There are 2 protein chains.
Amino acid sequence: MTGTAKLLHEGKAKQVYATDDPEVVLIRFKDEATAFDGKKRGTIEAKGPINARISSILFTYLEANGVATHYLGTAGERDLLARRVTIIPVEVVVRNIAAGSLARRLGLAEGTNLELPVLELYLKDDELGDPMINRYHVRALGLAADAELETMEEAALRVNALLAAHLEPLGLRLVDFKLEFGRTAAGRLLLADEISPDTCRFWDVRTGEKLDKDRFRRDMGGVEEAYREVLRRLEAGQGG
Amino acid sequence: MTGTAKLLHEGKAKQVYATDDPEVVLIRFKDEATAFDGKKRGTIEAKGPINARISSILFTYLEANGVATHYLGTAGERDLLARRVTIIPVEVVVRNIAAGSLARRLGLAEGTNLELPVLELYLKDDELGDPMINRYHVRALGLAADAELETMEEAALRVNALLAAHLEPLGLRLVDFKLEFGRTAAGRLLLADEISPDTCRFWDVRTGEKLDKDRFRRDMGGVEEAYREVLRRLEAGQGG
């Protein structure tokens with residue numbers, strides 16, 4: 001990519017650049033880390049390249065298992081190529097174990113196993129603090145068509161089953177994760193954004209050690225090492 | 001009712017007493033008012049009798065239109081007779097106009113008309129501040145069976161359509177309301193609790209004046225008068 005590539009969008013953790021192909025974008029992963037809707041800020045060394053690589057591995061795995069994603073391939077060490085989409089401002093969260101805001105909100109001890117996966121929708125809006133919404137809000141606010149939302153929910157539950165099955169043998173328990181979806185110009189719905197320790201909670205299966213952004217949120221230290229460990233296990237999983 | 005009737009349950013606004021019939025309870029409406037999960041407390045003069053009467057009129061109307069409710073009849077001036085149920089700890093809220101917590105949460109101006117009714121579920125738990133939940137939480141926490149929740153949602157939307165149609169000609173706009181449902185010993189699902197200015201927002205159709213508990217929550221004065229006015233209009237509607 002040349003230095004003159006047009007920046008289409010800058011988020012908290014990524015930049016999106018135009019490419020020669022109007023339907024393809026380059027996604028650059030930043031080292032900057034934020035939490036609590038941007039109220040906490042910092043840098044995690046090498047986070048960009050690590051998360052680009054983790055996302056690449058997980059999007060490839062999901063595509064191979066029939067999930068339609070925006071992922072096209074890698075470019076630079078912190079860059080992915082992806083189909084250009086308009087992000088739907090509804091974050092889809094799936095949880096297998098109570099942690100973070102769910103544990104607080106429902107008064108559950110962190111680590112409580114959920115009998116069934118819990119799917120939640122959040123309005124992607126930092127100023128409002130990403131409030132929880134439901135399908136009626138999505139409809140009333142015109143955020144997505146009913147059929148799109150249904151596809152998103154089904155895809156999220158399928159991603160949960162696929163990821164959990166893939167990660168468990170690598171010693172990573174999938175506690176919860178957040179997905180974003182987007183529409184191509186042609187109206188096709190694709191899983192977009194990233195899948196990384198920034199957007200998932202991973203706990204070591206044996207020790208329960210946190211290997212995700214909670215180490216940054218909670219000032220636990222060893223953040224970069226944890227992200228590297230997730231990547232190391234995923235790469236080991238590819239070798240198998 | 002004798003002075004020795006057994007108190008089965010005491011809530012913030014009502015007491016529930018046993019009767020000679022194990023399947024029937026007497027519900028006594030108190031004058032005490034609370035808001036913000038019990039953090040604000042006060043008394044609204046004559047609220048008990050007014051809300052008992054309003055609930056009686058509205059339950060009778062809904063029953064006549066095919067909604068299964070716990071309502072059986074009136075007893076004392078602040079007492080209703082009702083089928084005994086176990087309350088399902090899921091509050092169902094339906095909103096036609098943005099107000100209160102929805103307006104705050106989604107950054108909408110109070111009074112914004114919602115294109116479609118918005119239905120929300122809340123966990124009935126004062127200590128947790130009645131957090132918003134969705135059907136996945138209901139399932140994971142085992143609060144209600146899928147079929148029960150579906151029946152509750154359908155009933156709530158039907159109640160919304162019926163109440164709005166009944167109240168509008170009486171000059172009352174139904175902004176939003178909260179319903180609770182319960183199960184009889186035989187497992188039958190019934191609309192329960194109360195329907196009153198404590199649990200609904202009513203705005204005067206012409207002036208927009210608030211005729212509900214927001215007058216208490218927001219220290220607007222004229223609380224008793226507003227509740228009386230709602231009752232006056234409902235009684236006028238019965239005469240028609």
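Each chain gets a letter, A, B and so on, in the order the sequences are listed, and its residues count up from 1. Predicted, not measured: the structure shown is a model, and the values here were computed from it.
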Note: B:R135-B:D146 ion pair, threshold 4.0 Å (strictly below): no
So for B:L102, is it side chain, backbone, both, or neither that comes closer than 4.5 Å to the heavy atoms of chain A? side chain
Cut-off 4.5 Å, heavy atoms of chain A, and the answer for B:I133 is both
How close do A:Y61 and A:L162 get, heavy atom to heavy atom, and via which atoms? OH-O, 2.7 Å
Residues at least two apart in sequence or cross-chain that pass ring pair (Phe, Tyr, Trp, His ring centres under 6.0 Å) with A:H137, listed by chain then number, are none
Residues from residues 110-128 of chain A approaching chain B under 4.5 Å (heavy atoms): A:E115, A:L116, A:P117, A:V118, A:L119, A:E120, A:L123, A:L128
Side chains of B:E63 and B:T69 only: does a donor on one sit below 3.5 Å from an acceptor on the other? yes
Is a side-chain N or O of B:K47 found less than 3.5 angstrom from the main chain of B:Y227, in a donor-acceptor match? no
Using modelled atom types and a 3.5 Å cut-off, is there a donor and acceptor pairing between side-chain atoms of B:K210 and backbone atoms of B:R201? no
With side chains defined as the heavy atoms from C-beta onward, is the minimum distance between A:E168 and A:R173 less than 4.5 Å? yes
